[in-house]
Asks: 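Handing you a structure now.
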Amino acid sequence: MRVGVLGAGQLGRMLALAGYPLGLEFLFLDPVEDAPTDGLADRIKAPFDDRAALDRLAAAVDVVTYEFENVPVEAPRHLATWIPVFPPPEALDVAQDRLAEKTMFRRLGIPTPAFAAVDSHAELLDALSSIGLPAVLKTRRLGYDGKGQRVLREASDIDAAWQELGAAPLILEAFVPFKREISVLAVRSRSGPSVFYPLVENEHRGGILHRSLAPAANLSTATTQAVDAHAAHLLDALHYVGVLAIEFFDLDGTLLANEMAPRVHNSGHWTMDGSETSQFENHLRAILGWPLGGTEAVGCAAMLNLVGSVPSTSEVLSLPGAHLHLYGKEPRAGRKLGHVNLCADDPRTLALLVQDLERIIEQTAAPRR
């Protein structure tokens, strides 16, 4: 069985590493010069809109998936005329537009911050008159890791934000003074069943995910059930197959949906070492119609991203329960180069390990050459 993947970044790399023990082969398509999957699998080096390259991919694989949501939706739609593509292109289309995404959340009864479409300076002022300040102005497309958005805290911020972002279609959202961010990973199989991983608590720094803690602490059973129900509604509405991540703002127990990602997700990397089945293996099981694996956490886990530089391998591995995952990428400011998973039997031990790892990252991080 051969899996085709649009995109050849670190998520594709981890998909391949999860798939090889299952006897799977992989073929990637990505136009970049060097990719994290190089050396692991063959790659068609071509733009995502190259129809001839897409046809080559379709002819050589049994199923196609994608590893990031900024793949032009026309590519999976073209492939879907020849071969099964999961998650379905419709899910990718919705996730690529923040307005379409928030509108679908609302239609399905999933609570969100107040929002409004903004296509002109006048519409921005109208939206602010109803939503108020502070607010967040975002591009509707192509934003990730904090890019393409500006917080408007006072009236003097409005014109500068419009000058920076106004060339693209925008969405204005109410600013949410959230206590923390929570995410859920849901998985639906091609054969029908769905499973849900424990909710995860995320912390961002500079717009980039810094760490995830699993399972998230201090969540009621009712809250967990409500989040899983929201995820189930999305899976059904989108006829979804594969891993779906949904991020929520937590306001002391009240959750507001922020965004979704129709793919394996950074906040699920902890599952590689801290869960019965990793998100990557379950994504592959799902798109192939195989039985899904268990999603229970084994003890508790933390995932910390390595951004811009990589600490001493020896020091990281000296920590009990530490698992280092590097992506084979050249160091660059703001670039995710790898992550470390920490596993422990109890939250207190895990918290101490996180402190030790953060000290190592801060004190010994240096670019790898």
Asks: Under the salt bridge (charged side-chain N to carboxylate O under 4.0 Å, His left out) test against Glu173, which residue among Arg150, Lys102, Arg98, Arg140 passes?
Replies: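 Of the listed residues Arg150, Lys102, Arg98, Arg140, the salt bridge (charged side-chain N to carboxylate O under 4.0 Å, His left out) partner of Glu173 is Lys102.
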
Asks: Assess the residue pair Phe248 and Phe178 against the criterion (ring-ring contact (aromatic ring centres under 6.0 Å, His included)); give the C-alpha distance rounded to whole Å, side-chain angles, the decisive distance to 0.1 Å, and a yes or no.
Replies: CA-CA 9 Å; Phe248 292 84; Phe178 60 93; over 10 Å; no

Asks: Could you check whether Phe280 and His269 have their ring centres less than 6.0 Å apart?
Replies: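 Between Phe280 and His269, which both carry aromatic rings, the centre distance is below 6.0 Å.
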
Asks: Please confirm whether the backbone N or O of Leu11 pairs with a side-chain atom of Glu67, one donor and one acceptor, at under 3.5 Å?
Replies: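 The answer is yes, because a donor-acceptor pair under 3.5 Å joins these two groups.
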
Asks: Counting only heavy atoms not in Arg190, do more than 12 sit closer than 6.0 Å to its CZ atom?
Replies: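 Yes, CZ of Arg190 has more than 12 neighbouring heavy atoms, counting only those of other groups under 6.0 Å.
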
Asks: Give a yes or no on this: more than 12 heavy atoms of other residues, nucleotides or ligands lie within 6.0 Å of atom CG of Asp119.
Replies: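 Counting other residues, nucleotides and ligands, CG of Asp119 exceeds 12 neighbours.
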
Asks: Would you call the rings of His339 and His325 parallel, tilted or perpendicular if under 30° counts as parallel and over 60° as perpendicular?
Replies: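 Because their plane-to-plane angle is under 30°, the rings of His339 and His325 count as parallel.
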
Asks: Are the side chains of Glu181 and Glu203 in touch, meaning some heavy atoms are under 4.5 Å apart?
Replies: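 No. Closest side-chain heavy atoms not under 4.5 Å.
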
Asks: Is there side-chain contact between Val241 and Pro87, with heavy atoms separated by less than 4.5 Å?
Replies: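 Val241 does not reach Pro87 side chain to side chain.
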
Asks: Looking at Asn218, I'd like to know if its CG atom is crowded, meaning that more than 12 non-hydrogen atoms belonging to other residues, nucleotides or ligands lie closer than 6.0 Å.
Replies: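 For Asn218, atom CG is not crowded (no more than 12 foreign heavy atoms under 6.0 Å).
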
Asks: Could you check whether Arg153 makes a cation-pi contact with Phe175, meaning its NZ or CZ is under 6.0 Å from the centre of the six-membered ring and within 45° of the ring axis?
Replies: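 Yes, Arg153 lies over the aromatic ring of Phe175.
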
Asks: I need the Ile158 CD1 to Leu133 CG distance, nearest 0.5 Å.
Replies: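 These two atoms lie 5.5 Å from each other.
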
Asks: Name the one of Arg13, Arg43, Lys329 that satisfies salt bridge (charged side-chain N to carboxylate O under 4.0 Å, His left out) with Asp38?
Replies: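 Exactly one pass, corresponding to Arg43.
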
Asks: Are side-chain N/O atoms of Ser189 and Ser191 paired as donor and acceptor at under 3.5 Å?
Replies: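 Yes - a donor-acceptor pair under 3.5 Å links their side chains.
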
